[in-house]
Number of protein chains: 2
Amino acid sequence: MEKEVTIYDIAKRLNYSPATVSRALNDHPAIKLDTKDLITSMAREMGYRSNTFASNLRRQRTNTIGVIVPRLNSSFVSSVLAGMEKVANEAGYNLIISQSLESVTKEKANTQTMFNSRVDGLLVSVAYDTEDIEHFTAFTNKGIPLLFFDRVIGNDQFTSIVIDNAKAGYEATAHLLKLGRRRVMHITGNLKRNVYADRLKGYKQALAEYGIPFDERLVQVTDLSQEVGVEVARQITRMPIRPDGLFVTNDLCAVSCMTTLKQTGLSIPDDVAVVGFNNDPVSQVVNPALTTIHYPGREMGEIAAKSLINHLNGLMDIQATNTIILRSELIIRGSSQK
Amino acid sequence: MEKEVTIYDIAKRLNYSPATVSRALNDHPAIKLDTKDLITSMAREMGYRSNTFASNLRRQRTNTIGVIVPRLNSSFVSSVLAGMEKVANEAGYNLIISQSLESVTKEKANTQTMFNSRVDGLLVSVAYDTEDIEHFTAFTNKGIPLLFFDRVIGNDQFTSIVIDNAKAGYEATAHLLKLGRRRVMHITGNLKRNVYADRLKGYKQALAEYGIPFDERLVQVTDLSQEVGVEVARQITRMPIRPDGLFVTNDLCAVSCMTTLKQTGLSIPDDVAVVGFNNDPVSQVVNPALTTIHYPGREMGEIAAKSLINHLNGLMDIQATNTIILRSELIIRGSSQK
DNA sequence: CTGTTAGCGCTTTCAC
DNA sequence: GTGAAAGCGCTAACAG
């Protein structure tokens, strides 16, 4: 186990002061080029590595961005993270990532950890059951930038990056109605979450526009799991009057529902036309391919990270920019029409 | 912007020494319960947050684990990460995650960053074109534990967590041969990587066992992308003697290949029986469902993190445990037999 | 059970 | 263009 090399060691070896070494290593303009070269090459030779903690402690800055997501293992989330990591990495930031597993309790704990880790900023997509935002006030109090994406909270108080979920919900539903479907069922998630509430809004708006009365029994709030998909399919087969359209706000759930419906002998899209959400890889692969809403996950991640970093570098004020809305898009495939 | 509260502020306010405050906050056994309560509640009241950097600087430990993966947006990787995050979080560790995007250059840069961030340990799955392991010697020199998973390197020198890829490759191939297929094509990745090299080994072994001569032209080294799937399908349709079996070491690629084959009028599994790899969500959804090898991603992540943490806590020596092999499993579905 | 003291490695102000 | 010196906030050895 080698001894750690510090700027003092380099300084001593070269008969410079630690201050000069520090400056040289940080490419400070006031240092002669020769000196810089000398010092950097000696640093390399001696196997020096900068101590981020000492530096952070001193500079009160971490070059680290915290990310809290509901869960890591979803195709949507991983696209978002891939986008974030790319942008952050290029800008010299590290990402600390944690998952709330859809529980506020864990979300709170994670938030605390992030806070203690003194992340320069925080990117959050909230859990299923997050009610208030008290656990984030520590950040706002300290002026640490906080940016919500996808599952956002408190429309006005925080900057958020979203798609137009109402519009997406409207388009999905209107698409089914345009095809002549009149009994469109809607499977969605916890309505506390903007994404689901807004999509429901869009659903209702489309119905209204086509003069179809809203029927509460056709809307189901679930956890959008694959199991739910199976269950919903079972329910549908048992219904006296079956829906002829189905709008599920999650592709995996939609797919498992569709598959189960097919197994019970129903035909997709003839008996039930289906629209999903997210444009998950499975949506292209299922048969018939699933009509869905493309959700620009990677872009969302990139823009979220970029906005935060710009803000940190004083190039932009995310507090001023209240909401960034990305374009989603209806992708029509076989599950809704032949 | 509030002023940062330190243990000194708490100490002054309560007429204790900073040391006592520190101990109380860290739940040191030698502190009276009353004092602890008093101090912790005062800390809460004053809005104290521990400064991880000062603490890390002092303790020479970070409670942070670095993770480097080829890419974030794959279903396999996100399962692994989900497992790691869970275990790490429960043990009080943070995860710094970065992606090499399959490039050694970026992998090296990431490794350096992790090193400077003084992660307590590093979990790595190497990039497509990583040749040597020089960029990790900094870690081994300093005695920082290094653990490879999935795409591992240098069988002996480093601890690694893998599945038995040769066995998996063997099972996939033998399954096809057992069904009477005699011309089994194998689409795989860069043979520098253990995962692909070993699967090829298994493939060859199965052929040998069934007395079928190995035909080089039936093996293709690709990047296993979805585009490759399409291209391979096109090639197959053009071949004078078509393969009757296809073993692709990646589900997404297998699925796109399968789908393209179907489009050109070939029947799966009748004309070509297909086996994939990973048990990606798409494999269950495609029609016919894809026979594949289940890869225990989540478990791999959990075990990798757990082993590293146990090692850090002195509960285990991962240098002694050279290789941990997890069970993979052939999952037979419609794409290989009716 | 609690306090004193020193120092982790770095940056930065002030001085020359 | 470079140096001296202080201090970021915390912990651990030692002392009592």
Side-chain angles (χ1 to χ4, degrees), chain A residues 1-40 42-43 46-64 92 113 115-120 142, chain B residues 1-40 42-43 46-64 92 113 115-120 142:
Chain A
M1 191 99 65
E2 289 171 15
K3 177 80 181 59
E4 204 67 54
V5 179
T6 74
I7 50 171
Y8 286 91
D9 302 324
I10 304 179
K12 212 167 294 170
R13 189 84 164 264
L14 252 31
N15 252 310
Y16 274 114
S17 76
T20 304
V21 174
S22 168
R23 284 192 270 251
L25 259 18
N26 289 302
D27 208 17
H28 189 106
I31 302 285
K32 243 197 311 191
L33 216 70
D34 304 359
T35 328
K36 262 184 209 170
D37 287 348
L38 190 65
I39 291 178
T40 41
M42 177 55 84
M46 297 177 67
Y48 168 78
R49 64 167 171 168
S50 134
N51 185 322
T52 321
F53 298 108
S55 167
N56 286 342
L57 176 59
R58 185 55 230 244
R59 294 184 312 135
Q60 310 281 36
R61 203 152 185 276
T62 67
N63 269 46
T64 298
T113 313
F115 190 61
N116 285 340
S117 302
R118 289 212 176 13
V119 293
D120 289 339
K142 285 258 158 35
Chain B
M1 192 98 63
E2 288 171 17
K3 176 79 182 61
E4 205 66 54
V5 180
T6 74
I7 51 170
Y8 286 90
D9 303 324
I10 305 178
K12 213 168 294 171
R13 188 84 165 266
L14 252 33
N15 251 311
Y16 273 113
S17 77
T20 305
V21 174
S22 169
R23 286 193 270 250
L25 260 17
N26 288 303
D27 209 18
H28 190 108
I31 302 286
K32 242 197 312 188
L33 217 69
D34 304 0
T35 328
K36 262 184 208 169
D37 288 348
L38 190 64
I39 290 178
T40 42
M42 176 56 84
M46 296 175 69
Y48 168 79
R49 63 167 171 166
S50 130
N51 186 323
T52 320
F53 299 109
S55 167
N56 285 344
L57 177 58
R58 183 56 232 244
R59 295 185 309 136
Q60 307 282 39
R61 203 154 188 273
T62 68
N63 269 51
T64 298
T113 313
F115 189 64
N116 284 340
S117 301
R118 290 216 177 6
V119 294
D120 289 339
K142 285 259 158 33

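To find a chain, count down the sequence lines: A is the first, B the second, and so on, and within it residues start at 1.
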Measure from [atom1] on [X] to [atom2] on [N] and round the result to the nearest Å.
X: B/F53; N: C/dC10; atom1: CZ; atom2: C1'; value: 13 Å
X: A/I39; N: D/dT2; atom1: CD1; atom2: P; value: 8 Å
X: B/L57; N: C/dC10; atom1: CG; atom2: P; value: 9 Å
X: A/Y16; N: C/dC10; atom1: OH; atom2: P; value: 18 Å
X: B/I7; N: C/dG3; atom1: CD1; atom2: P; value: 12 Å
X: A/L14; N: D/dG3; atom1: CG; atom2: C1'; value: 15 Å
X: A/L33; N: D/dT2; atom1: CG; atom2: P; value: 11 Å
X: B/R58; N: C/dC10; atom1: CZ; atom2: C1'; value: 16 Å

Looking at A/S117 and A/T113, would you say the former's side chain and the latter's main chain have a donor-acceptor pair under 3.5 Å?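 Yes.
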
Using modelled atom types and a 3.5 Å cut-off, is there a donor and acceptor pairing between side-chain atoms of B/R49 and backbone atoms of A/F115?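 Yes, the answer is positive, given that a donor and an acceptor are paired below the 3.5 Å cut-off.
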
Please confirm whether any donor atom in the side chain of A/R23 sits under 3.5 Å from an acceptor in the base of D/dG3, or the reverse.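 Such a pair is found, so the answer is yes.
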
Between the base of D/dG9 and the side chain of B/R49, is there a donor and acceptor pair under 3.5 angstrom?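 In this structure, the two groups form no donor-acceptor pair.
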
If you assign each of A/H28 and B/A19 to its closest nucleotide in DNA chain D, which residue comes earlier from the 5' end? A/H28

Checking contacts here: which listed nucleotide (D/dG3, D/dC10, C/dC1) is nearest the side-chain heavy atoms of B/T6?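 Shortest atom-to-atom distance from the side chain points to D/dC10.
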
Pair A/T62, A/D120: side-chain N/O donor-acceptor within cut-off below 3.5 Å: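 Yes, side-chain donor-acceptor contact under 3.5 Å.
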
For [X], report the nucleic acid contact type (base, sugar-phosphate, nothing); a contact means any heavy atom under 4.0 Å.
X: A/N15; answer: sugar-phosphate
X: B/Y8; answer: base
X: A/N26; answer: sugar-phosphate

Atom of B/T20, atom of B/T35 and distance for their closest heavy-atom approach: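 B/T20 and B/T35 have their closest heavy atoms at CG2-CG2, 4.4 Å.
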
Are OP1 or OP2 of [N] and a side-chain N or O of [X] less than 4.0 angstrom apart?
X: B/S55; N: D/dC10; result: no
X: B/Q60; N: D/dT11; result: no
X: A/Y48; N: C/dC10; result: yes
X: A/T20; N: D/dT2; result: no
X: B/S17; N: C/dT4; result: no

DNA chain C: B/T35 or B/A54, which has the more 5' nearest nucleotide?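 Between the two, 5'-proximity favours B/T35.
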
Given side chains that start at C-beta, do those of A/T6 and A/N51 come closer than 4.5 Å, heavy atoms only?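 No; the side chains remain at least 4.5 Å from each other.
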
Using the side-chain contact (heavy atoms from CB on, under 4.5 Å) rule, pick out the option among B/L57, B/T52, B/N56 that qualifies with A/L57. B/L57

